[in-house]
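In what follows, chains are A, B, ... by sequence order, proteins preceding strands, each numbered from 1. Below, each value reflects all heavy atoms present in this structure, side chains not excepted, and no hydrogens, waters or symmetry copies.
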Amino acid sequence: MLQIYNTLTKRKEEFIPKNPPNVTIYVCGPTVYDYFHIGNARSFIMGDIVRRYLEYKGFNVKYVMNITDVDDKIIRKSIEQEVPSGKVAEEFANAFLEDALKLKMKPADVFPRATEHIEDIVELISKIEEKGSAYNVDGNVFYDVSKFNGYGKLSGKKIEDLESGSRVEINVEKKNPLDFSLWKKAKEGEPFWESPWGKGRPGWHIECSAMSTKHLGETIDIHAGGNDLIFPHHENEIAQSEAATGHQFVKYWIHFGFLNIQNEKMSKSLGNFFTAREILKKYSAQTIRLLFSQTHYGGPLNFSEELIQSAQKGLEKINNLAERIEREMNSNSNDDAEIDFDYKKYYSEFESAMDDNFNSPQAAAAIFDFVRDFNRFIADNENLPLNNFKSAKEYLQKTAQDVLGILDFSELTISSNSFDEGLIDLLIELRNNSKEKKDYSTADNIRNELANLNIVLEDGKAGTTYKLPSSHIDDIEESVLKLIGSIRMEAKSKKDFTSADLIRDKLSELGYIIQDSKDGFLIKRN
RNA sequence: GGCGGCGUGGCCAAGCGGUCUAAGGCGAAGGUCUGCAAAACCUUUAUUCAUCGGUUCGAAUCCGAUCGCCGCCUCCA
């Protein structure tokens, strides 16, 4: 039974969607005036994990994430850069979509944009006006908070408290300082749309109400976003939508904790941020996702270089097993019956963790338990039947890959790439020959040189295996060829012509021609 | 001023009334394997959960107070 902590009721509740097995989810997406930062990424990724887990549970999820493409910040930027606001929005919306993919987020079923829903927005505002919950002051339309008696139910605030301590900007047009804009009258030079109230653009909150309703219906199952959206954004969405429809807007509200830097909220205004782009240059999506998974979504996460590195180390452990499994699947032909291993136990650990309000840290722990125990199982059972590896792969795929997104079998370094791995095999053969001759200095030299190229050799019972670096494969080919050539030179200088000839023959088998010259050698592709 | 969150080992972090002498990751120490490594595995690394009181047969978990940190109330994921 899945339980979700609902911000609205402030307790964990059993998740019962309105129309099972369908589930509707709306997550507040980015305002596209700049690249999004790693703190924003946390919300998007945790939303993605929520979605993926519901799919794992067999629900048919419709997932919507809005893109706010008209607002004050975008307009400000467009003025600064002297380009139309639509251009600014387009540029950063594209960047967002690219980065979201790089972060392994499953694309939303719909990424609605405010500017493409002006009609729906106008219609919704009119409806609110008809119900008497909005008023028009000279082309500015405001929501009348006093008409909605549930105002404050999400954020736990009382109207009086808000009014007294308020830092709300004083606006003489508003009846009440808490009233907020539904439609903003266009100022000189601002983008605008025609409306019954004149030229203008939508207020911030109304787009979510309009687009959510349009794509998911009047009552949606889950609405999620960062903690800072509880008030006023989500509170206002409820007020608008419920005033218009008379129905409950959202069944379950989920809010994500902040990502902090040195214990302070990461934010554009404080300037203490890293963009997701920057971080992705140094760390993989899987690393970032594991880091996020290892903290509960609701709490704060104090981001640091040290922390992300420890996640990276942890990830290697999972990847190492995945690679081992992949290697076995390629070479193992033991078709004996599967030996007993309690896969079920790890599925149920994973599920009961995720069922408890998406407790991803505990779910990750279940995966680590599995990795440890399965590694041990391999060690204890020589020549395991292939089916065991299949089952293990299935476990990792369903949990680590499909739900948390911290693993991708198709990206493992041992699998396909353009680099000719025969070259590595040749080096391994040369190294093994040296080892047999107890020429450890040559053997170690080969290993060290490869290590410098981020190619790791590991001697195992069944022979030597290797791991390739995940990127820049092309540059490496040249370095590897140079290494092979210099080994051959050394062999020649020692009059070890057997080795030298072996190298030349093997290279030609791989399609390379090595030519000796006075001062060295030249290797060409045949 | 109003509202809310947090404080668990060297670091990160689950646990939220008994199975907790507290999961998992990182780190550290020792060991197995290895020519040496790497990987993997094994062992060790919190009788204690900010502090002080209280409730309870029983508390890291509930209540109160104190100290410290953070957030929202203005754009913000």
Legend entry - Nearest listed nucleotide, side chain of A:E306, among B:G25, B:C11, B:C72: B:C11
Inset, instruction - Side chain of A:N263 only, please: which of B:G25, B:C69, B:C72 is the nearest? - result: B:C69
Scan nucleotides 27-29 of chain B against the protein and return all N/O pairs shorter than 3.5 Å with their distances rounded to 0.1 Å.
from  : atom 1 : to     : atom 2 : distance (Å)
B:G27 : OP1    : A:K313 : NZ     : 3.1

Inset, instruction - Scan nucleotides 36-44 of chain B nucleotide by nucleotide, 5' to 3', and note B when protein non-hydrogen atoms come under 4.0 Å of the base, S if they reach only the sugar-phosphate, - if neither. - result: BBBSSSS--
Inset, instruction - Hunt down the Watson-Crick or G-U wobble partner of B:G18, both distances under 3.5 Å, from any strand shown, or write none. - result: B:C57
Legend entry - Base-pairing assignment for B:U47 (Watson-Crick or G-U wobble, both under 3.5 Å): none
Inset, instruction - Looking only at side-chain atoms of A:K157, point me to the closest of B:C73, B:C75, B:G25. - result: B:C73
Legend entry - Shortest side-chain distance from A:Y440, nucleotide among B:G35, B:G24, B:C11: B:G35
Legend entry - Atom-pair distance (CG on A:N227; C1' on B:C3), nearest Å: 13 Å
Inset, instruction - With a 3.5 angstrom cut-off on both distances, give the Watson-Crick or G-U wobble partner of B:C69, or none if there isn't one. - result: B:G5
Inset, instruction - Please determine, by modelled atom types, if A:T68 and A:N66 share a side-chain donor-acceptor pair under 3.5 angstrom. - result: yes
Legend entry - Phosphate OP1/OP2 of B:G15 contacted by A:N359 side-chain N/O (<4.0 Å): yes
Legend entry - Nucleotide forming a Watson-Crick or wobble pair with B:C11, both distances under 3.5 Å: B:G25
Legend entry - Pair partner, B:G30 [Watson-Crick or wobble, under 3.5 Å]: B:C42
